[in-house]
Colleague: 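Quick one: the structure is below, and I'll ask about it shortly.
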Amino acid sequence: MTMVAQSRLSPGAPAPRTSVPDGVRPPDALLPLYEVPPVCDALYGEIADCPACVLAKTRSRTVPGSGPATCDLMFIGEAPGQREDELGLPFVGRSGQFLDDLLASIGRARVDVYVTNVVKCRPPANRDPNPDEMAACADYLDRQIALVAPRVIATLGRFSMAKWFPGERISQIHGRAVERDGRWIVPMYHPAAALRDGSLRAVMKQDFAQLPALLVGAV
Ligand code: URA
């Protein structure tokens with residue numbers, strides 16, 4: 001394991017495990033994202049060894065999630081792509097760059113939000129995750145939500161949206177926050193959709209703009 005030079009945790013807090021995979025040299029800017037909050041350690045270990053679906057045979061490495069445990073804001077995407085599979089971190093390719101831009105537009109940095117996906121392993125050739133694969137990962141996602149206990153969950157794309165809004169169309173409900181189990185769920189387009197269709201960039205920016213008010217309980 002490569003060690004992260006500087007922990008983001010306060011002095012006296014238990015040292016976090018870091019999860020830079022052996023043989024991987026990530027850009028320095030990504031190193032803080034490899035910190036594993038102590039309460040997530042066992043879960044991330046389970047995910048790393050998960051044999052539960054066919055994606056275990058083709059993944060380079062699992063991509064459990066990044067960010068602090070106990071965080072007010074959580075993003076749930078679809079599945080790791082090639083770059084994520086190489087580095088073991090979510091949203092570190094082109095979609096991730098746009099996600100970072102969107103976060104900056106509301107004054108947040110990636111290290112201060114929790115980011116994960118519906119499935120933790122890359123589907124071959126970036127195909128859609130299938131129902132068996134999502135079912136195999138469902139308990140991991142539920143446990144992450146319970147540990148992180150976010151006030152606001154933004155779903156990115158239709159697969160994570162379907163967990164709370166089955167049968168709905170993203171074009172109809174994006175940006176409409178709904179309260180479920182004491183937290184806000186905000187369906188959003190996937191950043192990759194905005195990379196394909198530039199007109200969705202402004203739409204996503206507008207949807208992000210309402211997050212700060214939800215986070216401070218002003219609605
Ligand atoms: N797309 C996703 O849905 N998740 C990632 O981690 C990267 C791209």
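Order of appearance sets the numbers: ligands from 1, and atoms from 1 within every ligand. Any value given below was found using the heavy atoms of this structure, including those in side chains, with hydrogens, waters and symmetry copies removed.
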Colleague: Return yes when His190 approaches ligand 1 closer than 4.0 angstrom through a heavy atom, no otherwise.
Modeller: yes
Colleague: Any heavy atom of Ala79 closer to ligand 1 than 4.0 angstrom?
Modeller: yes
Colleague: Could you list the donor-acceptor pairs under 3.5 angstrom formed between side-chain atoms of residues 186-193 and any protein atom two or more places apart in sequence or on another chain?
Modeller:
| unit_1 | atom_1 | unit_2 | atom_2 | d |
| --- | --- | --- | --- | --- |
| His190 | ND1 | Ala192 | N | 2.9 |

Colleague: If I apply the N/O under 3.5 Å rule, does Phe91 come out as touching ligand 1?
Modeller: yes
Colleague: Does the side chain of Asp100 come under 3.5 Å of the side chain of Gln97 through a donor N or O and an acceptor N or O?
Modeller: no
Colleague: In ligand 1, which numbered atoms sit nearer than 4.0 Å to a non-hydrogen atom of Pro90?
Modeller: 6 (O)
Colleague: Write out all pairs satisfying ring pair (Phe, Tyr, Trp, His ring centres under 6.0 Å) with one or both partners inside residues 192-215, taking only residues at least two apart or from two chains.
Modeller: Phe75-Phe208
Colleague: For ligand 1, which atoms, with element, lie under 4.0 Å from some heavy atom of Gly77?
Modeller: 3 (O)
Colleague: In terms of side-chain heavy atoms, does Gln144 have a donor or acceptor partner in Tyr114 at a distance below 3.5 Å?
Modeller: yes
Colleague: Does Pro150 offer a backbone N or O that forms a donor-acceptor pair with the side chain of Arg183 under 3.5 Å?
Modeller: yes
Colleague: In terms of atom number and element, which parts of ligand 1 are under 4.0 angstrom from non-hydrogen atoms of Glu78?
Modeller: 2 (C), 3 (O)
Colleague: What do you reckon, is CZ of Arg180 surrounded by more than 12 foreign heavy atoms closer than 6.0 Å?
Modeller: yes
Colleague: For atom 4 (N) of ligand 1, what's the nearest protein heavy atom and its distance?
Modeller: Asn117 OD1, 2.7 Å
